[in-house]
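Starting from 1, each residue takes its place in the sequence as its number.
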Amino acid sequence: MAIFSKKTKTEDAKFEVLPTHLGIIMDGNGRWAKKRGLPRSAGHKAGANVFRTISDECANLGIKYVTFYAFSTENWKRPKEEVDALMSLFKDYLLEAKADMVKAGNNKIKFIGERDGISAELLKLMDEAEEETASHTGTTVYLAVNYGGRQEIVSAVNALIKEGKEEINEKDISDNIYTYPECDLIIRPSGEQRLSNFLLWQAAYSEFWYSDVLWPDFKKEDLYKALSDFESRNRRFGA
């Protein structure tokens with residue numbers, strides 16, 4: 001399956017209102033594997049295939065920014081075998097993306113999070129993927145790897161301190177976080193109803209959509225349900 005695809009017409013779904021920035025917590029891979037008597041790594045592999053499908057569909061629909069929560073700063077506490085499997089999946093994804101870049105559409109890829117702990121080989125592939133799509137003007141796909149929302153805010157504040165800022169305001173932080181500053185809709189499958197340290201700054205006025213569907217079973221139709229629900233929300237932004 002291609003990592004990138006040229007924008008195609010989506011016949012099944014038409015929306016008058018779309019989120020500018022969509023956040024997705026890819027949750028439930030381990031439980032999906034356990035239900036089938038499979039190793040957790042099999043769940044992560046199945047989830048990676050869903051990521052490709054949903055990221056492509058976000059581009060097809062015309063969503064400008066989408067952030068996928070792939071690996072949190074807390075995930076390093078998981079068993080080494082599982083962490084190694086996840087890192088191997090990231091590597092496979094990047095190698096496939098690099099091979100597919102020539103026929104890519106107009107999507108831009110960015111990795112957000114801390115670089116400490118990630119192998120030099122993987123960092124090199126991440127940098128190359130960002131560089132080779134930097135001029136693209138379509139959907140920006142943020143992939144959160146070794147990411148935490150609190151850490152992101154601390155990183156923004158530290159960057160401002162290094163610049164010599166003595167007083168920091170909201171715009172300063174919005175200008176220095178990793179992603180587009182506002183997240184309109186956050187989708188979390190798997191039945192859990194919490195942020196889990198995801199996009200804490202960006203989620204100040206986010207709408208939330210939850211589903212009991214485990215991420216490896218998440219389909220385009222589930223995305224459409226979330227977007228249809230978002231379209232019907234009356235957003236007042238605290239007013």
Mark yes or no for whether S88, through its side chain, and D84, through its backbone, hold a donor-acceptor pair below 3.5 Å. no
What verdict does the side chain to side chain donor-acceptor pair (under 3.5 Å) test give for S211 and R188, after you've listed the backbone C-alpha separation in whole Å, the side-chain angles of each residue and the deciding distance to 0.1 Å? CA-CA 7 Å; S211 168; R188 181 162 191 166; over 6 Å; no
Is D56 salt-bridged to R52, cutoff N-O under 4.0 Å? no
Could you name each residue pair satisfying salt bridge (Lys or Arg N to Asp or Glu O under 4.0 Å) that touches residues 60-79, not counting sequence neighbours? R78-E82
Minimum heavy-atom distance C58-L22, with the two atoms named: SG-CD2, 3.8 Å
For W76 and G117, work out which heavy atoms get closest and say how close. CH2-O, 3.4 Å
Rounded at 0.5 Å granularity, tell me how far CZ in R40 sits from CG in N29. 8.5 Å
Between W215 and F51, is the ring centroid distance below 6.0 Å? no
Does the side chain of T53 reach to within under 4.5 Å of the side chain of K220, using non-hydrogen atoms? yes
Ignoring hydrogens and angles, state whether a donor on the side chain of Q151 or E114 is under 3.5 Å from an acceptor on the partner side chain. yes
Just to verify, what does T137 make a side chain to side chain donor-acceptor pair (under 3.5 Å) with, not counting sequence neighbours? N106
Using a 3.5 Å distance criterion without hydrogens, assess whether the side chain of H44 forms a donor-acceptor pair with backbone atoms of L86. no
Is any side-chain heavy atom of R236 closer than 4.5 Å to one of Y205? no
Test item: I118 and M126 side chains (from C-beta on) under 4.5 Å apart, heavy atoms: yes
Sequence neighbours excluded, the answer for salt bridge (Lys or Arg N to Asp or Glu O under 4.0 Å) partners of K171 is D175
Check whether any side-chain heavy atom of D222 lies under 4.5 Å from a side-chain heavy atom of I54, and answer yes or no. no
Listed by chain and number, what are the salt bridge (Lys or Arg N to Asp or Glu O under 4.0 Å) partners of D184, not counting sequence neighbours? R235
Roughly how far, to the nearest 0.5 Å, is CZ of F111 from CG of L125? 8.5 Å
Starting from L38 and following side-chain heavy-atom contacts under 4.5 Å between hydrophobic residues (I, L, V, M, F, W, Y), which residues can be reached? W32, L214
Could I get the full list of side chain to side chain contact (heavy atoms under 4.5 Å, CB included) partners for S119, not counting sequence neighbours? E121, L122
S72 versus N75, side-chain donor and acceptor atoms under 3.5 Å: yes
Taking every heavy atom of P181 against every heavy atom of S174, the minimum-distance pair comes out as CB-CB, 3.8 Å
Going by salt bridge (Lys or Arg N to Asp or Glu O under 4.0 Å), name the residues that satisfy it together with R31, two or more places apart in sequence or in a different chain. D27, E192
Side chain to side chain, N146 and R115, heavy atoms closer than 4.5 Å: no
Grab the two heavy atoms, one from V50 and one from P216, that are nearest each other, plus how far apart they are. CG2-O, 3.4 Å
Just jot down the side chain to side chain contact (heavy atoms under 4.5 Å, CB included) partners of A85, sequence neighbours excluded, or say none. S41
Closest non-hydrogen contact found for E132 with H136 is O-NE2, 3.9 Å
Rounded distance (nearest 0.5 Å) linking atom CG of L185 with atom OG1 of T20: 11.0 Å
Residue list, salt bridge (Lys or Arg N to Asp or Glu O under 4.0 Å) with K225, at least two apart or on another chain: none
Tell me every residue that passes side chain to side chain contact (heavy atoms under 4.5 Å, CB included) with V17, counting only those two or more places apart in sequence or in another chain. F230, E231
For the atom pair NZ (K110) and CD (E130), what is the distance rounded to the nearest 0.5 Å? 7.5 Å
Working to the nearest 0.5 angstrom, can you tell me the gap between K45 NZ and L89 CG? 7.5 Å
Nearest 0.5 angstrom please: D217 CG to S190 OG, how far? 11.5 Å
Would you indicate whether the side-chain heavy atoms of F218 and L223 approach each other to under 4.5 Å? yes
Can you pull the salt bridge (Lys or Arg N to Asp or Glu O under 4.0 Å) pairs that have at least one residue in residues 141-167, sequence neighbours excluded? K165-D172
Tracing side-chain contacts under 4.5 Å among Ile, Leu, Val, Met, Phe, Trp and Tyr outward from L160 reaches I25, Y65, Y69, I112, Y142, Y147, I153, V157, I161, I168, I173, I177, Y178, Y180, I186, L195, F198, L199, L200, W201, F208, Y210
Looking only at heavy atoms, what is the nearest atom pair of V66 and I24, with distance? CG2-CD1, 4.3 Å
